[in-house]
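Here is the structure we will look at, set down as structure tokens.
We're numbering straight along the sequence, starting at 1. Heavy atoms only: backbone and side chains are in, while hydrogens, waters and symmetry mates are out.
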Amino acid sequence: MTYRSDSGLTFSTSFFRSSAVYTSALMATRGSVKPFVNFNAKQDAELLRKAMKGIGTDEDTVLMLLTSRSNDQRQEIKAAYKKAFGKDLEKDLRSELGGKLEDLIVALMSPPTIYDANELHKAIKGAGTEDKVLIEILASRTCDEIKNIIKAYKKEHGGKLEKDIMGDTSGHYQRMLVIILQAKREEGVDESRVEKDAKELFAAGEQKVGTDEEKFINILGNRSAEHLRKVFDAYKKIAGCDIEESITDECTGNLEALLLARVKCAKSMPGYFAESLRDSMRRAGTDDETLIRLMVSRSEQDMLDIRAAYKKKYGESLYCTIQEDTDGDYQKALLYLCGGND
């Protein structure tokens with residue numbers, strides 16, 4: 001099947017999306033976007049230039065090409081574009097596109113670590129604090145990812161992420177964020193401590209008047225996901241309810257939201273992101289900032305697993321929900337990142 005773009009370029013759709021020719025190693029990843037096998041950065045840069053040159057912009061070429069290349073490949077395209085045309089690709093994209101499509105495509109052009117660092121900076125440096133962004137990113141990233149985000153934040157914004165977050169938060173919520181930023185979570189499962197941790201969580205909340213927030217923060221902030229899953233099973237036997245119910249009963253506000261996010265991420269990262277995507281679309285109006293951030297950041301990580309979790313939990317495909325909540329070229333780009341209809 002051939003595709004003719006608005007700028008008159010003709011090529012096979014397989015040029016953009018050669019899903020059948022991924023190597024077995026690439027197929028092992030759980031992202032919906034994988035490295036393009038027959039990749040040619042110079043050729044892609046030329047296609048993008050032609051799509052944006054002259055009157056009007058061929059949005060189809062831009063969004064189809066950039067959503068079918070991995071982030072590393074997009075960085076190569078950016079360099080090839082600069083070398084061939086002496087222009088900054090990201091600036092050209094900003095000048096040619098608009099609205100939500102521009103936001104999405106520009107987000108795709110940032111390396112993941114820098115993207116996370118920039119999103120955190122926006123969340124704490126604007127008017128007020130976007131706690132939802134802090135919670136989503138910091139609760140879900142691995143220790144290595146957090147260490148790299150801290151380095152990127154320093155390089156991009158000249159400040160210390162921990163210091164900036166401490167300046168915008170307070171109390172037990174701040175303490176939990178700081179513990180996460182230490183990126184020193186324990187590895188593996190300590191069988192000798194599973195029952196003890198479960199009993200301590202029960203004693204810190206359900207079993208007493210008031211709440212020992214420090215105990216929740218220490219255990220949920222420092223244990224590995226594997227260890228916590230065993231603790232949660234033991235907790236349910238002791239308390240007769242899920243840990244989420246106890247957190248909701250015992251905590252409020254941002255601390256509650258952060259602790260719940262840590263629990264959900266420990267139980268199932270794809271499940272956490274499926275729920276977050278649902279929340280971004282199935283309420284009054286669409287939270288496009290969250291939708292873009294989630295689709296961009298998870299497209300090369302675990303989007304296939306998120307789609308499966310979404311279908312299992314909500315009985316409809318993520319693809320269909322995106323179709324119903326968005327439109328135009330913005331919708332097309334999101335659906336490419338989604339990668340298919342389950």
Could you please spell out the steps behind the side chain to side chain donor-acceptor pair (under 3.5 Å) verdict for Thr286 and Asp288? CA-CA 6 Å; Thr286 302; Asp288 293 293; 5.1 Å; no

Candidate list Thr57, Val62, Asp58, test side chain to side chain contact (heavy atoms under 4.5 Å, CB included), partner Asp60, passing option: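 Exactly one candidate clears the test, Asp58.
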
With respect to Glu289, which candidate in Asp287, Ile292, Leu291 satisfies the side chain to side chain contact (heavy atoms under 4.5 Å, CB included) definition?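 With Glu289 as partner, Asp287, Ile292, Leu291 yield a single side chain to side chain contact (heavy atoms under 4.5 Å, CB included), made by Asp287.
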
So, taking the atom named NZ in Lys87 and the one named CZ in Arg49, what distance separates them when rounded to the nearest 0.5 Å?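 That separation rounds to 5.0 Å.
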
Donor-acceptor pairs under 3.5 angstrom involving side-chain atoms of residues 271-279: please list them, not counting sequence neighbours.
| residue | atom | partner | partner atom | Å |
| --- | --- | --- | --- | --- |
| Glu275 | OE1 | Lys313 | NZ | 3.1 |
| Glu275 | OE2 | Lys264 | NZ | 2.8 |
| Ser276 | OG | Tyr272 | O | 3.0 |
| Arg278 | NH1 | Tyr310 | OH | 3.0 |
| Arg278 | NH1 | Glu316 | OE2 | 2.6 |

Sole candidate of Arg69, Arg74, Gln73 that passes side chain to side chain donor-acceptor pair (under 3.5 Å) when paired with Asp44: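 Answer to the side chain to side chain donor-acceptor pair (under 3.5 Å) test with Asp44 among Arg69, Arg74, Gln73: Arg69.
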
Start with the C-alpha gap between Asp342 and Lys311, add the side-chain angles, then the distance that decides, and say whether salt bridge (Lys or Arg N to Asp or Glu O under 4.0 Å) holds. CA-CA 7 Å; Asp342 301 298; Lys311 182 68 177 286; over 6 Å; no

Would you say Asp88's side chain and Lys91's backbone share a donor-acceptor pair under 3.5 angstrom?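 Answer holds: yes.
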
Any donor-acceptor pair under 3.5 Å from Thr211 side chain to Gly205 backbone: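 No; zero donor-acceptor contacts below 3.5 Å.
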
Hey, could you give me each pair passing ring pair (Phe, Tyr, Trp, His ring centres under 6.0 Å) that has a residue in residues 215-251? Not counting sequence neighbours.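 Found none.
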
Note: Asp233-Lys230 ion pair, threshold 4.0 Å (strictly below):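 Answer for the salt bridge query: no.
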
Give a yes or no on whether a salt bridge exists between Glu59 and Lys332, defined as a side-chain N under 4.0 angstrom from a carboxylate O.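 No.
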
Identify every side-chain donor-acceptor pair in residues 109-121 under 3.5 Å, counting partners at least two apart or on other chains, and give the distances.
| residue | atom | partner | partner atom | Å |
| --- | --- | --- | --- | --- |
| Asp116 | OD1 | Arg141 | NH2 | 3.0 |
| Asp116 | OD2 | Arg141 | NE | 2.8 |
| Asp116 | OD2 | Arg141 | NH2 | 3.4 |
| Asn118 | OD1 | His157 | NE2 | 2.8 |
| Asn118 | ND2 | Ile114 | O | 3.4 |
| Glu119 | OE1 | Arg293 | NH1 | 3.4 |
| Glu119 | OE2 | Lys122 | NZ | 3.0 |

